[in-house]
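Written below as structure tokens is the structure these notes are about.
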Amino acid sequence: MSDVRVRFAPSPTGYLHIGGLRTALFNWLFARRHGGTFLLRIEDTDRDRSTDAAIDAILNGLRWAGLDWDEGPHRQSDRLDLYRQKAMELLERGKAYWCVCTPEALEARRKEAQAKGEPLKYNGRCRERGLTNPTEPAALRFRSPEEGQTVVEDLIKGTIVFDNAVLDDLIILRSNRYPTYNLSVVIDDALMGITHVIRGDDHVNNTPRQVPLFEALEYPMPKFAHVPMILGADKARLSKRHGATSVLAYQEMGYLPEALVNYLVRLGWSHGDQEIFSMQDMIEKFSFDHVQASPAVFNPEKLQWLNAEYLKREEPRHLAELLLPFLEKHGYDRAGRVQPQGGLEAVVPHLCERAKTLVEMADWTLPYITEPVAMDEAAAEKFLIPAIAPSLNKFAQRVKMVEPFSKETLEPVVQLILEEDHLKMGKFAQPLRVALTGRTFSPGIYEVMALLGKEWTVQRIEQALHRIPSS
RNA sequence: GUCCCCAUCGUCUAGCCUGGCCUAGGACGCCGGCCUUUCAAGCCGGCAACACGGGUUCAAAUCCCGUUGGGGACGCCA
């Protein structure tokens with residue numbers, strides 16, 4: 001193991017979302033690429049908004065995506081005393097001070113500044129007061145440097161320079177004695193030995209506030225990498241109104257984790273013209289050199305294309321397994337029901353080349369595994385018409401005699417009927433398809449019959465004949 | 001408003017660091033064709049971009065400056 005240590009540090013205030021998964025993925029990839037350690041840390045210092053359910057959701061999302069972690073999950077709520085202790089140290093050393101400004105006063109002052117067009121920065125009212133044992137509610141503020149510059153060498157964005165004059169004295173301990181993000185994150189990153197802080201672009205502006213904290217606490221400085229945001233089609237930050245943003249939602253829509261991960265890694269990162277990456281590929285090729293510095297628009301069509309690619313490559317056996325939960329939503333019972341020859345596994349190869357998602361595939365699987373078949377009324381009206389009834393009937397009668405029942409033996413039977421009744425293949429196959437599957441589209445008609453078996457084939461043609469008017 | 005970041009086809013991107021090989025390549029989507037018993041898939045072809053303006057240079061998508069546009073941050077949230 002190398003000394004590379006990275007972390008994914010979500011706050012458990014909701015489900016794992018697409019952006020979070022990508023940040024986790026980049027961390028994970030970097031760790032795996034360098035033989036380092038990937039750890040999980042739950043940032044739950046805001047006890048009002050953090051929930052255990054959210055932690056479960058995040059962990060499950062990561063597991064589903066195939067991102068395993070080597071350490072944790074650590075919980076910041078278990079380490080509150082540590083943060084308080086460090087905060088007090090800062091106070092004793094004159095690096096922090098008590099502030100008795102009320103949140104209301106601060107808010108009013110911000111509004112005022114906004115109205116006047118001034119920077120929304122804390123005005124330092126308590127900075128030089130030298131409060132030692134405030135009796136009223138007090139928060140602890142970090143004394144930020146007032147002059148000079150803070151320079152961050154970002155692995156993705158390059159050199160970023162901030163004037164310290166624009167930084168304000170951030171609160172590190174709330175008046176309820178709970179630490180704030182900027183304090184706990186610095187302490188944990190340092191004490192957990194994090195070598196590379198890889199996080200969302202929205203944290204860029206936190207970096208110049210955290211750097212002086214690292215220095216004040218006399219901690220070694222990690223390297224930083226800020227991965228660009230994911231945007232919706234309107235170029236606004238990806239949110240619910242752009243559609244699904246939770247990882248779970250993509251799972252439920254029938255996306256394969258490999259496809260989602262592949263899509264996400266290519267969103268902002270590239271390796272030449274390559275589009276399809278196995279996990280192993282990504283690990284071997286991932287580097288910050290080729291991570292884009294600008295935000296990327298999330299494109300559901302491309303994700304769907306990738307999903308279809310993965311569906312086509314998937315092992316039938318595994319695919320059948322993956323399909324089961326989706327089939328059960330249609331009331332399919334895995335224990336019951338007589339299967340077509342070969343079971344689900346036999347059906348799957350005929351559908352995986354056509355389907356974009358597991359949901360779609362499950363739906364298309366239904367005619368082969370359930371009885372009776374659901375009939376598309378519009379299709380029936382168009383194709384199950386009196387003119388074709390005699391041919392279908394003749395076919396059903398002859399099919400009963402076919403043995404063995406296979407594509408090879410069925411084909412001559414169909415050909416003969418085509419000749420006798422002066423029909424083109426399309427004229428006959430389409431009504432037959434509707435009779436057999438209840439739909440206008442399916443795999444090849446011989447494959448369909450082979451999958452259904454003789455009994456269901458005959459039965460369905462006869463059922464179809466019954467519903468044809470005046471026949 | 002202030003600060004930070006960014007800018008190649010509609011979208012994801014290659015190329016940019018180390019100017020000439022770029023009449024800018026790939027992918028998704030879209031359009032057309034082939035295949036065909038349907039729907040897909042597959043195959044072939046097409047449309048489509050260096051934001052703008054100044055420099056630097058023999059030469060700029062590539063370097064510099066500005067403009068415009070987009071994103072992010074400005075919480076006792078993380």
Side-chain angles (χ1 to χ4, degrees), chain A residues 9-13 43-46 48-50 76 99 101-103 106-107 110 113-121 137-141 152 154 156-158 160-163 165-168 170-176 178-182 184-185 200-208 226 228-229 231 233 235-237 263 266-276 289-290 292-306 308 312 351-356 364 379 383 414 418 424-430 432-434 437 439-446 448:
Chain A
S11 61
T13 54
E43 312 230 316
D44 55 352
T45 53
D46 183 355
D48 294 337
R49 298 201 307 156
S50 303
Q76 291 193 320
C99 172
C101 298
T102 63
L106 260 15
E107 180 58 30
R110 256 194 303 275
Q114 178 112 49
K116 285 190 191 164
E118 291 168 9
L120 312 177
K121 181 184 158 179
L140 198 63
R141 280 188 192 268
V152 178
D154 192 277
I156 294 170
K157 296 183 181 297
I160 310 176
V161 180
F162 300 86
D163 277 326
V166 304
L167 267 33
D168 55 3
L170 69 172
I171 289 175
I172 53 178
L173 213 57
R174 303 175 173 101
S175 53
N176 67 3
Y178 275 76
T180 58
Y181 165 75
N182 278 305
S184 55
V185 78
D201 213 344
D202 48 341
H203 286 294
V204 169
N205 289 280
N206 281 140
T207 312
H226 290 94
M229 301 275 89
L231 274 27
K235 302 272 180 116
R237 190 175 176 164
Y263 177 72
R266 275 289 285 104
L267 201 56
W269 173 79
S270 60
H271 185 265
D273 290 338
Q274 189 172 346
E275 295 288 351
I276 311 261
D289 296 348
H290 292 276
Q292 207 77 6
S294 49
V297 173
F298 186 81
N299 183 338
E301 281 81 31
K302 187 153 184 182
L303 203 211
Q304 196 169 67
W305 168 76
L306 261 170
K312 276 185 269 185
L351 298 172
C352 68
E353 296 203 345
R354 302 170 153 77
K356 305 277 190 217
W364 294 351
F383 294 104
V414 171
L418 258 33
K424 287 205 168 184
M425 185 58 173
K427 287 285 179 203
F428 182 67
Q430 210 47 1
L432 181 57
R433 186 184 319 280
V434 173
T437 68
R439 323 175 172 211
T440 53
F441 59 92
S442 78
I445 199 70
Y446 297 113
V448 168

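A, B, ... follow the sequence lines: proteins, then strands. Residue 1 opens every chain. Remember, predicted model here, so these are calculated numbers, not experimental data. Side chains included, hydrogens not; waters and symmetry mates left out as well; all remaining heavy atoms used.
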By side-chain hydrogen bond (donor to acceptor under 3.5 Å, both in side chains) - contacts of A:Asp46 (at least two apart):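 A:Asp46 satisfies side-chain hydrogen bond (donor to acceptor under 3.5 Å, both in side chains) with A:Arg49 once adjacent residues are dropped.
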Students often get this wrong, so: under 4.0 angstrom with heavy atoms, is [X] touching a base, only sugar-phosphate, or nothing?
| X | value |
| --- | --- |
| A:His203 | base |
| A:Tyr178 | nothing |
| A:Pro137 | nothing |
| A:Asn206 | base |
| A:Thr180 | sugar-phosphate |
| A:Leu267 | sugar-phosphate |
| A:Val161 | sugar-phosphate |
| A:Lys356 | sugar-phosphate |
| A:Cys101 | base |
| A:Lys312 | sugar-phosphate |
| A:Gly200 | nothing |
| A:Ser270 | sugar-phosphate |
| A:Thr45 | sugar-phosphate |
| A:Ile171 | base |

Chain A contact limits on RNA chain B, taken 5' to 3' with a cut-off of 4.0 angstrom to heavy atoms: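 Nucleotide range in contact with chain A: B:rG1 to B:rA78.
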Within 6.0 Å of NZ in A:Lys121, more than 12 heavy atoms from elsewhere: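 Result for NZ/A:Lys121: enclosed.
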Residues which pass ring pair (Phe, Tyr, Trp, His ring centres under 6.0 Å) with A:Tyr181, listed by chain and number, not counting sequence neighbours: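 A:Tyr181 satisfies ring pair (Phe, Tyr, Trp, His ring centres under 6.0 Å) with A:His203 once adjacent residues are dropped.
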Residues in ring pair (Phe, Tyr, Trp, His ring centres under 6.0 Å) contact with A:Phe428, at least two apart in sequence or another chain: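 Ring pair (Phe, Tyr, Trp, His ring centres under 6.0 Å) list for A:Phe428, sorted by chain: A:Phe395.
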Is there a Watson-Crick or G-U wobble partner for [N] with both distances under 3.5 Å, and which nucleotide is it?
| N | value |
| --- | --- |
| B:rC58 | B:rG20 |
| B:rC74 | B:rG1 |
| B:rA14 | none |
| B:rA51 | B:rU67 |
| B:rC9 | none |

5′-ward residue of the pair A:Arg237/A:Leu106 relative to RNA chain B: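 Between the two, 5'-proximity favours A:Arg237.
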Comparing A:Met425 and A:Ala296 on RNA chain B - which has the more 5′ nearest nucleotide: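 Whichever sits nearer the 5' end wins; that is A:Ala296.
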Contacts of type side-chain contact (heavy atoms from CB on, under 4.5 Å), residue A:Ala233, not counting sequence neighbours: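 A:Ala233 satisfies side-chain contact (heavy atoms from CB on, under 4.5 Å) with no residue once adjacent residues are dropped.
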Results of side-chain contact (heavy atoms from CB on, under 4.5 Å) for A:Glu107 - residues two or more places apart only: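 Only A:Arg110, A:Lys111 meet the side-chain contact (heavy atoms from CB on, under 4.5 Å) criterion with A:Glu107.
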A:Asp168 and A:Arg141 ion-paired at < 4.0 Å: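 Salt bridge absent between A:Asp168 and A:Arg141.
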